[in-house]
Amino acid sequence: MKIIIYYSPIIPFKDCELVMSQDLIEEAMLEMSEILEGYTGLSREIIYKKISEPPRKEFGDLSTPLKGANAPDKIIGKKYIKEINKVGIYYNAVINVDNLFSSLFSQLDDRYGFPEKKTGRRTVVEHTSANPIHPLHIGALRNAVIGDALARFLSYMGDEVTTRFYVNDSGRQVGVLAYGLEKLHWPSPLPSIKADYFYGLVYASTSTIVDIVKLSKTPNDKGKIDELVAIAKELSERFPEFWKLKEEIEKDADPEAEINRILKEYEEGNNEYKERIRKFVNEILNGFNETLSNLGVSFNFYDYESELLWSGKVKKIIDEILSSPHVIYHKDAKAISFEKLPEDVKDILKIPRGLKIPPLVVTRKDGTSLYTIRDIAYTLEKFKNSDLVINVIAEEQTIPQIQLRAALYLLGFTRIAENLYHYSYAMVNLEGTKMSGRRGRYVTIDELFNAVESVVKQKILEKNGDISTSASLARSAIRYAILSASATKPLSFSVNRVTDLNENSGPYLQYTYVRANSIMSKFTGELNLELADTKDIVNTKRDILISIAKFPYILKITYESLQLENLTIYIKNLADLFNSWYSRERILQEEDERKKTSRLYLVKGVKTVLGNSFNALGIDKVEKM
RNA sequence: GGACCCGUAGCUCAGCCAGGAUAGAGCGCUGGCCUUCUAAGCCAGUGGUCGGGGGUUCAAAUCCCCCCGGGUCCGCCA
């Protein structure tokens with residue numbers, strides 16, 4: 001793995017600071033650059049910046065290419081650097097294992113790696129925030145896992161973190177569902193089925209029927225109608241009330257107008273709609289929670305979008321917008337224009353210079369509100385007690401998120417606009433399935449989780465393991481599959497792959513932890529650093545030592561980049577090293593007390609690093625597998 | 001048409017932003033290892049025009065330009 005230096009944080013710090021403790025690799029790199037500075041005349045910053053891990057062992061532990069530098073072929077180091085050897089343009093440093101070992105383990109405790117001081121940054125992570133109209137499907141999975149892991153991670157790193165789920169209970173989709181329910185006289189969910197599944201069927205049925213009615217009035221697209229009819233048949237097999245619902249909806253001259261009417265009355269505070277909609281939204285949210293708890297995901301707050309409407313906060317923003325100089329007419333509607341947003345501000349707000357930001361319409365024709373405008377009001381709320389807001393939202397919403405930042409900036413909320421971060425992630429593909437919430441075609445997270453858990457259970461039975469760990473293992477398999485990939489890349493998912501619990505999986509990491517933990521719990525003595533034989537720290541053990549020492553550094557770059565895969569991949573590599581060593585040498589059975597001691601320290605280090613990383617990523621520590 | 005993301009082994013992914021020495025994992029395939037602290041493991045082998053072409057550089061998977069392919073967005077939806 002490459003050692004990376006001098007990262008410029010993705011989000012600049014203002015009055016907050018990350019102070020890492022015990023970052024011994026960083027100290028070694030500083031020492032190396034100081035030594036070379038004296039010989040080469042290059043600034044230590046330049047040297048430091050170029051340090052990386054050499055591709056092969058024989059080149060040492062740290063390496064920096066310095067062309068034209070004229071240092072001696074061999075330099076003796078000081079504390080963490082043993083010596084530096086010149087090979088071609090490279091200066092290769094060998095780490096002083098004795099000193100690294102004693103420094104590292106003289107202070108390694110349960111908190112190892114995490115900063116001792118709080119950063120002083122108050123961070124909101126808004127994530128998942130799925131529309132409460134159908135069960136959570138695979139689309140929301142990546143969001144929930146990334147958001148939850150980010151929040152845990154930042155919290156361990158010393159941010160004061162708040163997690164929020166934005167309940168989008170005021171959008172058109174909720175209006176569609178309310179319309180369908182009204183037509184069915186507000187039925188209660190069937191007891192045999194989870195509420196979110198029941199409402200999901202009503203929503204998909206209503207939405208499909210409304211589209212059929214709409215299309216049948218302008219009969220020009222035969223193919224499309226045939227397709228919808230096929231979907232109708234499909235839905236009617238899953239939802240017995242489908243034809244009754246269709247009959248009811250067809251009685252309305254203009255279903256679309258009915259949906260708008262409901263939305264308007266609801267937004268204006270009609271009590272019946274307020275109550276009825278809140279009731280089903282909460283039932284669906286309960287379903288979400290059941291799903292999310294399987295994944296180990298929970299929230300500090302659920303923020304109902306509708307409350308922003310009824311409290312007048314949205315209206316206040318609309319008024320502010322309308323009195324700003326940036327309002328124009330766009331297709332006969334009042335809209336915010338972003339024409340006058342300066343180019344250099346675009347850079348600050350991470351908006352591509354080449355992008356012409358589309359105008360943002362302020363309200364619908366009938367006066368009801370639109371999502372992005374409501375989101376402005378919501379963003380102000382989120383910033384009330386925070387410095388940074390991270391929105392984990394799919395990349396499809398890049399433009400609205402840009403409009404949001406740009407609008408906030410133009411309205412004068414510059415600090416907020418600058419500290420609002422869109423954590424974008426690409427789509428998850430599941431074995432080529434095509435998903436559509438509006439048509440009720442989706443694979444739910446529950447289905448995936450159950451499939452994974454049942455494979456895990458089978459595996460546990462085969463191995464005579466502890467069946468009570470099945471949920472933990474299934475959860476970690478799913479979370480690992482997501483957290484080890486870069487969020488910006490489209491992710492191909494398949495149940496087969498997630499349930500392949502091999503050496504590149506959550507359970508593999510848990511298994512490695514179990515091994516380390518089991519050794520430590522069988523050891524009853526007291527570890528004494530004086531007894532440790534550092535001469536024994538060679539080959540893979542040496543790699544393990546250095547890897548453990550690198551942990552704070554990895555945490556730091558992960559914190560600054562917000563790319564959790566840095567940490568995930570790192571612990572996978574550490575687990576590989578540990579397992580490789582584990583199969584070759586004995587630890588508790590080692591007869592030489594001094595060797596046994598130094599090895600036990602390594603095991604303790606591995607256990608601590610894995611355990612702390614698990615905490616930060618939301619992977620369960622299990623004792624037995 | 002414009003903007004953004006992605007393209008690395010048969011498949012799924014690291015590495016790219018911060019350029020350096022024979023490009024790494026897992027799955028798959030081949031063969032080995034359980035009287036030893038948990039074999040969800042270990043060891044060995046197999047497999048790559050880093051999408052293509054130019055450019056910058058002593059040095060390019062990595063930076064720049066062009067092109068090709070896939071995805072997403074450009075709504076009075078979210």
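Lettering of chains follows the sequences in order, A, B, ..., and the numbering in each one begins at 1. Heavy atoms only: backbone and side chains are in, while hydrogens, waters and symmetry mates are out.
Among the atoms of the strands shown, only primed sugar atoms or phosphate atoms (P, OP1, OP2) are found under 4.0 Å from some heavy atom of A:Pro490. Within 4.0 Å (heavy atoms only), A:Tyr582 reaches at least one base atom of the nucleic acid. Counting non-hydrogen atoms under 4.0 angstrom, A:Leu491 reaches the backbone sugars and phosphates but no base. No engagement by A:Thr398 is indicated, since no non-hydrogen atom pair under 4.0 Å with the nucleic acid exists.
When the C1' atom is compared between B:rG28 and B:rC63, the two are found 36 Å apart, to the nearest whole Å.
For B:rC34, the base adopts the syn conformation, since its glycosidic angle falls within 90 degrees of zero.
For the residue pair A:Asn496 / A:Ser494, no side-chain donor-acceptor distance below 3.5 Å is found, with atom types taken as modelled. Counted by atom type alone, A:Tyr423 and A:Asn391 present zero donor-acceptor pairs between their side chains at under 3.5 Å. The closest side-chain donor-acceptor pair between A:Glu26 and A:Tyr48 falls under 3.5 angstrom. Remark: the A:Tyr480 side chain and the A:Asn504 side chain contain an N/O donor-acceptor pair separated by less than 3.5 Å.
For B:rA78, one of the phosphate oxygens OP1 or OP2 lies less than 4.0 angstrom from a side-chain nitrogen or oxygen of A:Arg364. The phosphate of B:rU38 has OP1 or OP2 within less than 4.0 Å of a side-chain N or O from A:Ser518.
Not a single donor-acceptor pair, N or O on each side, falls under 3.5 Å between the base of B:rA39 and the side chain of A:Asn579.
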